[in-house]
Amino acid sequence: MIIKLLPNQKELIEELEEKFSDVFSIHGIENDFKNNPYTNYYLYIIDNHVVGFINYYEIYDRMEIVNFNVLDYFQNHHIGTKLLEKLFNFAENNNIQNITLEVRIDNQKAIYLYEKYGFKKVSIRKNYYSFVDGILMEKEMKKMKDIYILGIESSCDETSFSIVKNGTEEISTVISSQIDIHRKYGGVVPEIASRAHIKNITFVLEECLNKAKMTINDIDLVAVTYGPGLIGSLLVGVECAKTISFLYHKPLIPVHHISGHIYANNLVKRLEFPLIALVISGGHTELILMEKDYSFKKLGGTLDDAVGECYDKVGRVIGVEYPGGPVIDKLASLGKCTYQLPLPLNDDSYNFSFSGLKSAVINLVHNEEQRGNKINKENLAASFQEVVINILTKKTMKALEEYNIKNFILAGGVSANKGIRSRFETLCKEHGINYTFPSLEYATDNAAMIASSGYYAYLDNRIGDLSLNPKSSTELK
Ligand code: KG4
Ligand code: ZN
């Protein structure tokens, strides 16, 4: 195990000074920490004991290896290699430009090792080690090339393109929503949706490139939602991505729509792992555990309707325009919880069920109408939303506790909900959980989240080819 030594780890410091007494004087490390703000030590620990270390200075964008040693008994165990790799890893992730070190000119073994790791001899230091010359060696860190990803989303009723740099930096996004077209039908009409995608797609792409002041040649990868969603709608985006990939020789990255919703948070703040994501959208309600990028473990999901679907159906029953979700959210903030509704699937599992809640609202409205009572929309919205919030927060907080996870993110269109956000915010603060919510503009469907997710799919070698076909239903893996 490799650990970073902290100035207050007195016992480890003493052990290090004792075991490597030819390198350190007594209190040498303590004084080094006190006097030198740039110093750092990585220790290699076996069975709670130090067997090797590397001491380096980190000065802005440069590093200098000052001392590097492994106990004789543990030589040939690749411990030195692992310490060096740890250091290079840190350097790569922290934009370090070069690493230098000095080595005795007669220490051929060490010089070979450093050369193997890309260090080059730069100059000779006469009599650097008493009567022996030293060699200054330097390793230039390769600057990671910036990667520009074009994201495409067309799984439902939004045609969207986006350009994102390195998975985190959004350059330009255009979302063309068809909500106004579908509103008069009270929901998305698949055939109309795919026709509208075909009509829009080239214009949206052009606008996105113009906004970024880029051409397709400046793009490195093309990421596209391949599913789940409406098959005709998905097909338009996938064919567009395949055409760009083929014509311009860009790798094609298939992206699962839900992974996109999750990575919408990555545009706010780099995801921290392990985390639990609560995905709440028009088509999904899932609790997902992620140990690292692109590792998805489903803890539970809805057995019937999704939360967003339930919001929209309740909206229809109380006579508000499609999509009902945002309207109910607004009404709920104006009402009080005066109607009794059941907490759905209130068990110990991480599954959800919303069809019973939807039926309960429908029955309640019919019963009240039959009695000649007028429904108070604000109060019904508040009562409905309260039940939704209670069940979502109950199961999520339980999962965070059971798996001992300290990072939480919300994902999907329903994560735009103010009531849900505010309750999670309070609970996370109470329980010391770090939380991130997607920005409101990227909570509902968009291509920026697909581009961000596509970057990490690429790093995970999930590269597609021209045989890619859209899938209307597909599990997140
Ligand atoms: O993620 P999304 O854009 O599409 C899917 O992947 O399904 O989610 C759309 C859903 C719709 O059901 C919509 O009513 C819901 O998200 N939604 C909301 C809010 N804003 C959007 N639901 C509750 N409160 C909101 N503020
Ligand atoms: Zn979505």
Side-chain angles (χ1 to χ4, degrees), residues 151-160 162 173 175-179 182-183 186-188 190 193 224-230 233-234 237 255-265 277-286 288 301-302 305-318 320-335 354 357-358 361 381-382 384-389 391-392 409-424 437-450 452-453 470-474 476:
I152 308 177
E153 159 63 36
S154 72
S155 68
C156 190
D157 58 345
E158 265 91 25
T159 320
S160 178
S162 175
T173 302
I175 307 172
S176 162
S177 172
Q178 308 169 6
I179 282 187
H182 299 290
R183 188 167 280 139
V188 178
V224 63
T225 307
Y226 71 95
L230 302 171
S233 294
L234 288 165
V255 172
H256 192 283
H257 185 74
I258 294 305
S259 80
H261 276 302
I262 288 173
Y263 277 88
N265 288 280
L278 173 66
V279 181
I280 39 178
S281 73
H284 293 263
T285 309
E286 280 166 19
I288 291 168
T302 183
D305 292 359
V307 195
E309 198 179 346
C310 188
Y311 263 95
D312 296 340
K313 284 185 181 153
V314 167
R316 202 187 295 193
V317 174
I318 64 172
V320 301
E321 277 195 329
Y322 171 84
V327 190
I328 293 184
D329 189 10
K330 216 174 269 166
L331 290 173
S333 68
L334 306 170
F354 290 99
L357 177 61
K358 173 190 69 187
V361 176
F384 164 74
Q385 185 150 300
E386 182 63 19
V387 170
V388 170
I389 295 176
I391 197 67
L392 291 179
I409 58 172
L410 264 181
V414 184
S415 73
N417 187 282
K418 297 210 174 43
I420 296 176
R421 281 183 180 227
S422 129
R423 186 78 57 86
F424 269 116
F437 306 147
S439 69
L440 284 180
E441 59 188 324
Y442 301 141
T444 46
D445 292 350
N446 65 86
M449 67 185 200
I450 302 302
S452 174
S453 178
K471 290 207 169 81
S472 58
S473 79
T474 165
L476 176 59

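For the numbers below, each heavy atom of this structure counts, side chains included, while hydrogens, waters and symmetry mates do not. In listed order, ligands and their atoms are each counted from 1.
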Any N, O or S atom of C156 closer than 2.8 Å to the Zn ion (ligand 2) = no
Near G413 (heavy-atom distance under 4.0 Å), the atoms of ligand 1 are 1 (O), 2 (P), 8 (O), 16 (O), 17 (N), 18 (C), 19 (C), 20 (N), 21 (C)
Please determine if G325 has a nitrogen or oxygen closer than 3.5 Å to a nitrogen or oxygen of ligand 1.
-> yes
Can you find an N/O atom of T444 closer than 3.5 Å to an N/O atom of ligand 1?
-> no
Identify, by atom number and element, the atoms of ligand 1 in contact range of S281, meaning under 4.0 Å from any of its heavy atoms.
-> 1 (O), 5 (C), 6 (O), 7 (O)
Using distance alone, decide if ligand 1 has a nitrogen or oxygen within less than 3.5 Å of any nitrogen or oxygen in H261.
-> yes
Before signing off on this row, confirm whether H257 and ligand 1 have an N or O atom pair separated by under 3.5 Å.
-> yes
Say whether, by atom type as modelled, one donor and one acceptor occur between the side chain of D329 and the main chain of K418 under 3.5 angstrom.
-> yes
Just distances here: any N/O of D329 and N/O of ligand 1 closer than 3.5 Å?
-> yes
Contact check: G283 vs ligand 1, nitrogen or oxygen atoms, below 3.5 angstrom | yes
Nearest heavy atom to atom 4 (O) of ligand 1 wins, so pick from N417, I179, D445.
-> D445
Decide whether an N or O pair under 3.5 Å exists between G282 and ligand 1.
-> yes
Check whether more than 12 heavy atoms from other residues, nucleotides or ligands sit under 6.0 Å from atom CZ of R316, and answer yes or no.
-> no
contact_flag E158 ligand 1 heavy-atom lt 4.0 Å | no
